[in-house]
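Order of the sequence lines fixes the chain letters, A, B, ..., with proteins taken first and strands second; residue numbering starts at 1 for each chain.
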Protein chains: 2
Amino acid sequence: MRATVLHSPGDIRLDTLPDPEIEADTDAIVRVVAACVCGSDLWPYRGLNKPQTEAHQIGHEQVGIVERVGTDVSGISVGDFVIAPFMYSDNTCAHCRNGVQTSCVNGGGYEGCQAELVRVPQADGTLVAVPGDVDDELLPHLLALTDVFPTGHHAAFSAGVTAGSTVAVVGDGAVGLSGVLAAKRLGASTVVAMSRHADRQELARRFGADHIVETRGKEGAAEVREILDGIGADAVLECVGTGESMKQAFLSLRPGGTVGYVGVPHGVELNVPAMFGRNQALAGGVAPVRRYLDELVPEVLSGALQPGAVFDQTFTLDQVSDAYRAMDERTAIKALLRP
Amino acid sequence: MRATVLHSPGDIRLDTLPDPEIEADTDAIVRVVAACVCGSDLWPYRGLNKPQTEAHQIGHEQVGIVERVGTDVSGISVGDFVIAPFMYSDNTCAHCRNGVQTSCVNGGGYEGCQAELVRVPQADGTLVAVPGDVDDELLPHLLALTDVFPTGHHAAFSAGVTAGSTVAVVGDGAVGLSGVLAAKRLGASTVVAMSRHADRQELARRFGADHIVETRGKEGAAEVREILDGIGADAVLECVGTGESMKQAFLSLRPGGTVGYVGVPHGVELNVPAMFGRNQALAGGVAPVRRYLDELVPEVLSGALQPGAVFDQTFTLDQVSDAYRAMDERTAIKALLRP
């Protein structure tokens with residue numbers, strides 16, 4: 001099969017690799033119909049994680065058709081169209097029952113979704129089959145459920161967004177924009193999106209943002225506070241993961257509010273005494289996508305929820321290096337890949 | 001009047017000072033009926049805060065009889081028996097309406113409650129008058145509402161304790177013990193108290209603790225996890241404020257759980273990537289006591305809630321240095337002071 005391999009930072013290629021095999025009886029092999037590039041794929045692409053020692057497959061978001069299943073798989077059948085959350089889980093252990101499928105005792109992360117075929121462990125617990133036909137119009141919205149939208153939703157949910165909440169969103173990547181949509185879906189009365197890019201501002205507005213703040217840092221946070229009754233947001237969604245973005249998030253938050261964070265933290269240090277004095281909470285983490293799918297899939301199938309609007313450019317797998325470049329240079333909000 | 005003054009770390013004395021005066025029209029002067037020593041008073045007593053530059057009055061917990069009120073005070077009358085939360089607030093600003101009276105725009109902290117008389121700013125917003133007579137039996141329970149019990153409650157509430165929660169409490173001071181009582185009051189199914197002192201273990205049991213863990217640190221946290229389904233607590237109440245106690249709290253917490261912290265942080269550094277990976281949240285801070293009083297006072301008056309059991313020793317104001325020594329040496333759980 002053809003599969004995307006990161007050879008070293010910046011060197012992303014479509015290589016020919018052996019087809020994946022069933023390794024455990026709980027595995028499934030999925031033929032990818034659509035995959036995409038995640039903001040978190042850019043960390044290793046940019047060489048900002050720990051030094052890369054060997055070439056490896058990459059990509060953790062895909063939807064596709066089940067091609068083969070292990071002998072212990074009973075809930076998913078060959079031919080099913082499935083949504084694959086970016087981490088696998090048995091969906092039965094104590095952590096899964098608590099809604100933290102990302103900490104499943106039989107779970108973990110996996111790479112290799114930017115490819116023609118991918119092996120998914122714990123298929124019964126991980127994959128969600130979609131009834132009926134999936135046309136090209138529905139496809140991006142279902143693909144968005146593998147990571148980006150539930151991650152934005154996790155930020156909003158963790159921050160306690162509910163009917164009438166005031167919300168600020170730090171980060172105008174696809175996750176931040178999804179956070180805008182998620183906050184509105186949860187009933188937020190006012191959403192302030194922080195963005196300096198016209199195309200992202202437009203999508204933020206389309207997703208329901210009431211205000212756009214272009215300024216960053218302390219000054220940007222002061223603008224957010226001014227818009228939100230002079231006190232700041234009930235909930236701030238931190239969708240970047242840097243020390244600077246986290247500072248901006250807390251400065252935009254009112255006393256007693258919660259930062260819901262989903263940006264993978266890189267060099268984040270918290271000012272605990274300041275948080276303590278202002279009763280500002282921090283919640284969130286790696287989004288337990290599987291937890292939210294039972295609620296989100298029907299809304300996408302009915303057309304009530306259309307999170308796939310974050311995909312503004314489509315590439316073939318052959319063009320995967322162009323897709324990464326577009327994401328890296330921020331000329332694409334989120335790149336969809338078709339094998 | 002006679003008033004407790006901290007001259008320098010370890011040097012606590014009962015001095016004679018001028019009576020406090022009404023300074024703002026919103027002030028009240030309260031004649032103290034009972035006061036107490038807080039765990040947080042021990043930080044300056046031990047010289048563990050920033051270097052002390054001058055002698056100052058101390059104490060922030062008292063109940064008493066209103067002696068005089070400013071011309072703008074309308075909700076509190078001379079002769080009222082009042083509960084005085086340890087921070088003052090107007091109880092009308094945006095932060096107060098959000099339940100964060102500790103961030104009131106007209107509020108703040110005040111010292112000087114370990115005395116015969118004390119000036120309380122923002123009397124209407126701060127003081128809660130108790131109807132009827134207050135006898136010696138009721139007194140400690142009302143006094144406990146000025147700080148210690150609502151602080152334990154704030155830890156439990158912030159950690160999301162609800163019916164069926166599993167809870168671990170780090171810290172067996174009066175706040176930690178109050179946290180045990182608060183967690184049970186909120187419906188916790190299992191509470192594990194971490195304590196190495198027989199007298200405190202006994203009170204923890206009396207307050208509803210189901211298990212006691214004597215071991216500290218990593219090993220203690222492992223014991224907590226083993227007791228709680230092998231995964232750790234849904235909610236951990238961090239009632240100490242040191243780096244070590246915070247580590248122990250997070251190690252005792254299950255993935256997806258919340259640490260509710262009320263120990264004033266001294267040298268706490270958080271492992272953000274670990275919190276992120278395990279979806280562990282941190283919430284809490286300076287307890288907004290006023291927020292909780294409307295709910296708690298009636299329960300104390302009815303006898304349903306008896307938080308004053310934390311007071312195991314009573315001293316006269318003359319003996320205030322003995323009271324501090326007893327708290328410092330942990331021979332008292334919490335010292336009550338009578339003028």
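Looking at B:V105, there are no atoms closer than 4.5 Å to chain A (heavy atoms on both sides), in backbone or side chain. Heavy atoms closer than 4.5 Å to chain A are found in the side chain of B:H154, but not in its backbone. No part of A:M246 comes within reach of chain B, as not one of its non-hydrogen atoms sits under 4.5 angstrom from that chain.
Heavy atoms only, all atoms of each residue included: A:P255 and B:S103 are closest at CB-OG, 3.3 Å.
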Audit row: A:R278, B:T102, side chain to side chain contact (heavy atoms under 4.5 Å, CB included) steps and yes/no: CA-CA 8 Å; A:R278 294 162 57 83; B:T102 43; over 6 Å; no
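Between chain B and the options A:G241, A:G256, A:P265, the largest number of non-hydrogen pairs under 4.5 Å is found for A:P265. Among the candidates B:H95, B:Q280, B:H266, the residue making the largest number of heavy-atom pairs closer than 4.5 Å to chain A is B:H95.
In this structure, B:K184 places its NZ atom where more than 12 heavy-atom neighbours from other residues, nucleotides or ligands lie under 6.0 Å away. Counting non-hydrogen atoms of other residues, nucleotides and ligands closer than 6.0 Å to CD of B:E295 gives a total above 12.
When side chains are defined from C-beta on, B:N98 counts as touching A:I231, because their heavy atoms get closer than 4.5 Å. In this structure the side chain of B:Y261 reaches within 4.5 angstrom of the side chain of A:V272, judged on heavy atoms. Put simply, the side chain of A:V100 reaches to within 4.5 Å of the side chain of B:R254, judged on heavy atoms.
The CD atom of A:Q101 sits 10.0 Å away from the CG atom of B:N279 when rounded to the nearest 0.5 Å. To the nearest 0.5 Å, atom CE of residue A:M275 and atom CG of residue B:L282 are 5.0 Å apart.
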